[in-house]
Amino acid sequence: MIYKNIIRPLLFSLNPEKAHKVYELFVEYLPFVFLPFRVKSSNNLAAQKLVSGINVDNRVGLAAGFDKNAKVFHSIASFGFGYIIVGTVTLLPKEGNAKPRFRRLSQYQALVNSMGFPNDGVDKVVQRLCSYRPKLRNTALVVSISGTTVHEISECLKMVEPFCDAIELNLSSPNTKGIKVFHQKENLRELLKELNELRSKPLWVKLPSYGTAQVNGVYGDDYQKSKQLVLNLAQFSVEFGVDALTVANSRSINDSQMATGFGGLSGKILIEDTITMIKDVRNHVGDLIPLNGCGGIFDASDAERVIKAGATTVQVYSGLIYEGPTVAKNISKSIG
Ligand SMILES: Cc1cc2nc3c(=O)[nH]c(=O)nc-3n(C[C@H](O)[C@H](O)[C@H](O)COP(=O)(O)O)c2cc1C
């Protein structure tokens, strides 16, 4: 109630990037304002469960992109998430795409972004992981990494792995064209082979969504082709022994209000597609590989449907913005 009636209208009066900065400032300088939203940690490691290769108190994760630079993950963890994904981080700092690159579509409880991985680079992120990780208690920490070459991604993995519980490989941002090189089998083979040689922690692969969408839910004619691509990427990742698949990233969308003219669609509007994709991927790759459902999960009922469709855990991004800091607690009460 406090969030929806007071905090959200204030934050929504700012543009989304400014609102995010304000949030980061509050975490740094006035952290006590979040006290009412804190969920008491069980502090009982024995009660944790192993999902997608990591030990968690519950199966609700914060999706990649909210804490790109590892500035606030310790604060968000206190809202009751079972795991937090920091990043996507790249080897070198990146400014990202031109602005405007982030907007709300409040009538659909949706977001469009064309950020293009703005981040401080892996060195800075690792420094912050070291500083803030001790504040995490039982919440598992996953770092999302990406890049456009095998070298760049492997170097990133080497640097972040000692400071996290698992890595999520982002091959799917609709806003960073270069990463599509890894949608070709030969390139993905080379990348996963290299990462397998280097890693000692679980590796997740975050898959793209099907096709280009419009806000009214109509798909472009690339739907079938891109569905096949997603299923092939899933199968191939499983053959290379990855520990979980995240289904899926934001949906590609043409949007003239983004400086780039395109972006990724997130939010409530995605829930039916997420369920469809989870069912398809589950049918395609079998029962053994854990799936993290992501896209449009706002409440316990969404999460239950995604789990019933075949997901092992759920991830939330837009739900945190529209529903507020109680979102993880509300969902985890139901799916555990
Ligand atoms: C502003 C913004 C930035 C994002 N940045 C990333 C990112 O860096 N890496 C990534 O894997 N996904 C990123 N995402 C996608 C989310 O992790 C998630 O897959 C997507 O928003 C769908 O989930 P939702 O409907 O719960 O928001 C971003 C989403 C938004 C809205």
Side-chain angles (χ1 to χ4, degrees), residues 15-21 23 60-70 73 76 81 83-90 94 96-97 99-106 108-122 125 142-147 153 156 167-176 179 182 204-210 213 230 245-253 255 258 260 263-275 277-278 291-299 302-303 306 311 313-323 327-328 331:
N15 84 46
E17 283 202 55
K18 276 223 173 83
H20 201 84
K21 287 243 156 63
Y23 175 72
V60 187
L62 176 76
F66 192 90
D67 190 17
K68 289 176 184 296
N69 290 311
F73 66 92
I76 297 174
F81 283 95
Y83 66 91
I84 299 280
I85 306 180
V86 159
T88 297
V89 62
T90 52
K94 269 179 81 134
N97 292 328
K99 295 177 184 173
R101 58 187 184 180
F102 189 6
R103 73 180 179 111
R104 300 181 197 94
L105 292 171
S106 297
Y108 298 106
Q109 296 187 81
L111 304 165
V112 178
N113 89 88
S114 61
M115 305 292 275
F117 295 163
N119 77 96
D120 294 342
V122 74
V125 165
V142 180
V143 179
S144 165
I145 60 172
S146 195
I153 297 176
C156 235
I167 307 274
E168 184 173 84
L169 174 62
N170 179 359
L171 296 180
S172 46
S173 162
N175 302 310
T176 312
I179 64 174
F182 296 113
W204 303 352
V205 169
K206 186 165 180 180
L207 297 168
S209 295
Y210 300 164
V230 172
L245 300 170
T246 299
V247 182
N249 215 312
S250 47
R251 172 85 18 92
S252 207
I253 186 168
D255 184 343
M258 297 288 103
T260 49
L265 179 65
S266 304
K268 191 85 183 163
I269 200 165
L270 297 185
I271 184 65
E272 298 305 328
D273 297 325
T274 302
I275 290 165
M277 282 186 286
I278 288 279
L291 302 181
N292 309 311
C294 181
I297 299 164
F298 275 47
D299 57 29
D302 295 332
V306 171
T313 81
V314 297
Q315 297 181 4
V316 175
Y317 185 123
S318 307
L320 180 61
I321 307 234
Y322 282 97
E323 296 293 313
V327 68
I331 295 175

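Start at 1 and go down the list; that is how both ligands and their atoms are numbered. Along the sequence shown, residues carry numbers from 1.
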Just heavy atoms, cut-off under 4.0 Å: does T88 contact ligand 1 by side chain, backbone, both, or neither? both
Among P118, G263, S266, which one puts a heavy atom closest to atom 20 (C) of ligand 1? S266
Quick check on contacts: which atoms of ligand 1 are under 4.0 angstrom from a heavy atom of L111? 31 (C)
Note: ligand 1 atoms sitting under 4.0 Å from heavy atoms of F102 are 1 (C)
Which atoms from ligand 1 have a heavy atom of K206 less than 4.0 Å away? 10 (C), 11 (O), 12 (N), 15 (C), 16 (C), 17 (O), 18 (C), 19 (O)
Find the distance between CG (N249) and CG (N170) and round it off to the nearest 0.5 Å. 5.0 Å
Nearest 0.5 Å, please: how far is CD1 in I85 from NZ in K68? 12.0 Å
Minimum heavy-atom distance P174-G264, with the two atoms named: CG-CA, 3.7 Å
K68 and ligand 1 - part of the residue with a heavy-atom distance under 4.0 Å: side chain
Nearest to atom 29 (C) of ligand 1, what protein heavy atom do you find, and at what distance? N113 ND2, 3.6 Å
Quick check: does Q315 get an N/O under 3.5 Å from an N/O on ligand 1? no
Measure the distance from atom 15 (C) of ligand 1 to every protein heavy atom, then report the residue, atom name and distance (to 0.1 Å) of the closest one. N249 OD1, 3.4 Å
Go through ligand 1 atom by atom and flag the ones less than 4.0 Å from a non-hydrogen atom of G296. 24 (P), 25 (O), 26 (O)
Report the nearest protein non-hydrogen atom to atom 27 (O) of ligand 1: residue, atom name, distance rounded to 0.1 Å. S318 OG, 2.6 Å
Partners of T90 by side chain to side chain donor-acceptor pair (under 3.5 Å), sequence neighbours excluded? N119
OH of Y108 to CG of L270: how many Å apart, nearest 0.5 Å? 13.0 Å
Close side-chain approach of S250 and N113, heavy atoms under 4.5 Å: yes
Which residues pass the salt bridge (charged side-chain N to carboxylate O under 4.0 Å, His left out) test with K268, sequence neighbours left out? D299, D302
Heavy atoms only: which of S250, A64, G295, G65 is nearest to atom 16 (C) of ligand 1? A64
So which heavy atom in the protein is nearest atom 18 (C) of ligand 1, and how far is it from that ligand atom? C294 SG, 3.6 Å
Is the backbone of S114 close enough, under 3.5 Å, to the side chain of N97 for a donor and an acceptor to pair up by distance? yes
Is G264 close enough to touch ligand 1? Criterion: a residue heavy atom under 4.0 Å from a ligand atom. no
Compute the shortest N/O to N/O distance between G267 and ligand 1 and return yes if it is under 3.5 Å, no if not. yes
Could you go step by step and tell me if N175 and T260 meet the side-chain contact (heavy atoms from CB on, under 4.5 Å) rule? CA-CA 9 Å; N175 302 310; T260 49; 5.6 Å; no
Measuring from the heavy atoms of S173, does anything fall under 4.0 Å of ligand 1? no
Within ligand 1, which atoms have a heavy atom of A248 less than 4.0 Å away? 19 (O)
Short N or O distance, N170 and ligand 1, threshold 3.5 Å exclusive: yes
Protein residue, atom and distance nearest to atom 1 (C) of ligand 1, heavy-atom basis: Y317 OH, 3.3 Å
Is any side-chain heavy atom of L265 less than 4.5 Å from a side-chain heavy atom of L105? yes
For the side chain of R251 and the backbone of Y210, is there at least one donor-acceptor N/O pair under 3.5 Å apart? yes
Using modelled atom types and a 3.5 Å cut-off, is there a donor and acceptor pairing between side-chain atoms of S266 and backbone atoms of S318? no
